[in-house]
Amino acid sequence: MAITRLLIANRGEIAVRIAGTAHRLGIDTVGVYSEPDRHALHVDSVDVAIALGGSTPAESYLRGDAVIAAALATGADAIHPGYGFVSENAGFARACEAASITFIGPGAQAIELMGSKRLSKIAMLEAGVPCIPGYQGADQSDDVLLAKAQDIGFPIMVKASAGGGGRGMRLVWQQADLAEQISTARSEAQSAFGSGELILERAVLEPRHIEIQVFADSHGNVVHLGERDCSIQRRHQKVVEECPSPVVDPDLRRRIGEAALSLVRASGYHSVGTVEFLLDPDGRFYFLEMNTRLQVEHPVTEEVYGVDLVHEQINIALGHDLSLRQEDLVPRGHAIECRIYAEDPLRNFAPSPGRIALYVRPAGPGVRVDSGVIAESVVPLDYDPMLAKLIVWAPDRESAVERLRRALSEYQVSGVATTLTLFRALVEMTAFRDADFHTGFLDELLASGGLAELHGRQDPEAEIAAAIAAACLATVEAGGLPRDLFSYGEDSAWWHDGVRVAHGRFPR
């Protein structure tokens, strides 16, 4: 069995990234796009692109029937969902199977099991995986939830069983507030995920968010590729991730890795996946959830373990034996990723749609940028505002942090507000450099105004370079400078006297 043509059912940087691996494997690619994405970078990154129509996700990328129709029309024999959209949709996985199209992901049954926090937690308790004490019963009446909360004790977390990303999640400190918070969480969960089912868990205060990257084939082979630390979050949404975790030693890595593999074996899972845990300040870890797809933060694992996770994912979907052996998977160095969003950190992360006027990506040894935009790209309001991911690697964490600081100073985006300002502030902080943080760290800093002074700080040389680049490009486009004053490099950059002054899509 082989894949000759792969449809990528996604957009932005992840669609570009998947297309890159497919092309290296000699696989033709098909892309899909909505009307706002007609001229997006991911459309230019595939061999064939099909319009889905519509503007919103519900009118385009979430339309599984339209995606499968595009695959059939173009002769695609496989679909890679990336993350988000149809990636964890059991109905879509079944529809692919019915259409004789290979779904690059796990089976529908595994997606359903792990898509429910309630059912997956029950399965993990049965498998002996450490779980946070709580209530995950089928009786969802308010009276039962209120009574169970008293048994669990406060503070308590109310969580949407079907969701993620912080939606339908509430931290409740006292019984008097619980009824209102249950009602709010249930309503939010129903709206966001189509299910108002909730679970209750004892709140783990100031935890680290540690996740284990796992692989399993259909022949019973399972491995893990160590852990990622995703503790720097805002409103329960990850924004910085690193591998390995600075607080996980070899013994803890072995124990938490074995727990993750126990989960995989017990569920009969096969494909790439991520098992997420909370690590409390005393070093105890608890199962949180499993994501049955490629994660946004997968590049940090790739950089440290030297594995192309998309390649391995495709091989498993084709029924091949896992090419990885646990004894060979040894971490090398340290990697950190920052998610670059078109959001304004000084305005409570309000989205910042618009046209990107200037886009200068950092480069150099140990620097990787997975980007879904270039200069002149339009950032629509209808979709997740992530523009790119900046990933750095170095032999140790201290060197990686310094490399990240330099790369952030070189990264220039104008036309839209971005989270680059937040990361430039963060990387200067002693707490970040000392890896002294937890999942509430960033929210607490933002609430207290602790980053306000640093937000305005820019690298002076980077500011000057960006201003020169913007002025030069504007003058060239207006006809005020001869175009041949600049050279056009293979990496889509404008150069002058050996200096890169801007990066983007420009006519030759």
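This is a predicted model, so every value here is computed, not measured. All heavy atoms count here, side chains included; hydrogens, waters and symmetry mates do not.
Side-chain N/O atoms of N348 and R235 include a donor and acceptor closer than 3.5 Å. In this structure, a donor-acceptor pair under 3.5 Å is present between the side chains of R24 and T21. For the residue pair T274/R228, the side-chain donor-acceptor check at 3.5 Å is satisfied. Residues Y61 and D37 have side chains that bring a donor and an acceptor to within less than 3.5 angstrom of each other.
Counting only heavy atoms from C-beta outward, the side chains of R406 and V367 approach each other to under 4.5 Å. For the pair L6 and L25, the minimum side-chain heavy-atom distance is 4.5 Å or more. Taking the side chain as every heavy atom from C-beta outward, V30 and D28 never approach each other to under 4.5 Å. Counting heavy atoms from C-beta on, the side chains of V32 and L7 come closer than 4.5 Å. Counting heavy atoms from C-beta outward, T301 and Q295 have side chains that stay 4.5 Å or more apart. Side-chain atoms of R5 and D47, non-hydrogen and from C-beta on, never get closer than 4.5 Å to each other. In this structure, E241 and H209 have side chains that are not in contact, with every pair of non-hydrogen atoms separated by 4.5 Å or more. Between H42 and T29, the closest side-chain pair of non-hydrogen atoms is not below 4.5 Å.
Of the possible polar contacts, one joining the E188 side chain to the G168 backbone as a donor-acceptor pair under 3.5 Å is found. One N or O on the side chain of S161 and one on the backbone of R118 form a donor-acceptor pair closer than 3.5 Å. The closest donor-acceptor contact from the side chain of T419 to the backbone of Y341 lies under 3.5 Å. Proximity of a side-chain donor or acceptor of Q412 to a complementary backbone N or O of S409 within less than 3.5 Å is detected. Remark: the backbone N or O of G226 is not paired with any side-chain donor or acceptor of R253 at under 3.5 angstrom. Not a single donor-acceptor pair under 3.5 Å links the side chain of T292 to the backbone N or O of I111. Side chain of D217 to backbone of I316: no donor-acceptor contact under 3.5 angstrom is found. Looking at D280, its side chain does come within 3.5 Å of a backbone N or O of D282 through a donor-acceptor pair. A distance-only check finds a donor-acceptor pair linking the side chain of S448 to the backbone of L445 [under 3.5 Å].
Between F423 and Y411, the distance separating the two ring centers is not shorter than 6.0 angstrom. Ring-centre distance between Y269 and F215: not below the 6.0 Å cut-off.
One distance of note links OG of S352 with CG of D344; it measures 6.5 Å at 0.5 Å rounding. Taking CZ of R293 as the start and CG of N89 as the end, the distance is 13.0 Å to the nearest 0.5 Å. A distance of 12.0 Å separates NE2 in H23 from CD1 in I18, rounded to the nearest 0.5 Å. Rounding to the nearest 0.5 Å gives a distance of 8.5 Å between CG of D443 and CD of Q233. Here the CD1 atom belonging to I232 is positioned 7.5 Å from the CD atom belonging to E242, to the nearest 0.5 angstrom. For the atom pair CG of D229 and CZ of R208, the computed distance is 4.5 Å after rounding to the nearest 0.5 Å.
Checked for salt-bridge contact, D308 and R17 meet the test: a charged N lies under 4.0 Å from a carboxylate O. In summary, E201 and K117 do not engage in a salt bridge, as defined by a charged side-chain N under 4.0 Å from a carboxylate O. Of the charged side-chain nitrogens involved, at least one lies within less than 4.0 Å of a carboxylate oxygen, so that E211 and K238 count as a salt-bridged pair. E297 and K389 are not joined by a salt bridge, as no carboxylate oxygen comes within less than 4.0 angstrom of a charged side-chain nitrogen. The pair E258-R265 does not count as a salt bridge, with every side-chain nitrogen at least 4.0 angstrom from each carboxylate oxygen.
A pairwise comparison of heavy atoms in E410 and A363 identifies OE1-N, 3.8 Å as the closest pair. Closest of all the heavy-atom pairs between L113 and A123 is CD1-CB, 4.3 Å. Closest of all the heavy-atom pairs between A388 and Y359 is CB-OH, 3.5 Å. Of all the heavy atoms in N221 and D321, the pair that sits closest is ND2-OD1, 3.6 Å. Nearest heavy-atom pair, P207 versus H438, reported as atom, atom and distance to 0.1 Å: O-CB, 3.2 Å. Of all heavy-atom pairs spanning V304 and C243, the tightest one is CG2-O, 3.3 Å.
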Self-check item: Q326/L261 under side-chain contact (heavy atoms from CB on, under 4.5 Å): CA gap, chis, key distance, verdict
Solution: CA-CA 11 Å; Q326 193 66 62; L261 295 185; 4.1 Å; yes

Practice problem: Go through Q313 and L294 one step at a time and tell me if the side-chain contact (heavy atoms from CB on, under 4.5 Å) criterion holds. | Solution: CA-CA 9 Å; Q313 193 179 17; L294 199 66; 4.0 Å; yes

Exercise. Kindly indicate, with the supporting measurements, whether the criterion side-chain contact (heavy atoms from CB on, under 4.5 Å) is fulfilled by L252 and I210.
Key: CA-CA 11 Å; L252 179 56; I210 306 295; over 6 Å; no

Exercise. Kindly indicate, with the supporting measurements, whether the criterion side-chain contact (heavy atoms from CB on, under 4.5 Å) is fulfilled by V427 and V401.
Key: CA-CA 7 Å; V427 79; V401 170; 3.8 Å; yes

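Annotation for E398: atom CD does not count as buried by contact number, only 12 or fewer foreign heavy atoms lying within 6.0 Å. Counting non-hydrogen atoms of other residues, nucleotides and ligands closer than 6.0 Å to CD of Q109 gives a total of 12 or fewer.
Sorted by first and then second residue, the salt bridge (Lys or Arg N to Asp or Glu O under 4.0 Å) pairs with a member in residues 362-374 read E302-R368, E303-R368, R368-D370; sequence neighbours excluded.
Between F437 and F441, the angle of the ring planes lies from 30° to 60°, which puts this pair in the tilted group.
Under the rule for a ring-ring contact (aromatic ring centres under 6.0 Å, His included), the partners of F277 that lie at least two apart in sequence or sit in another chain are F285.
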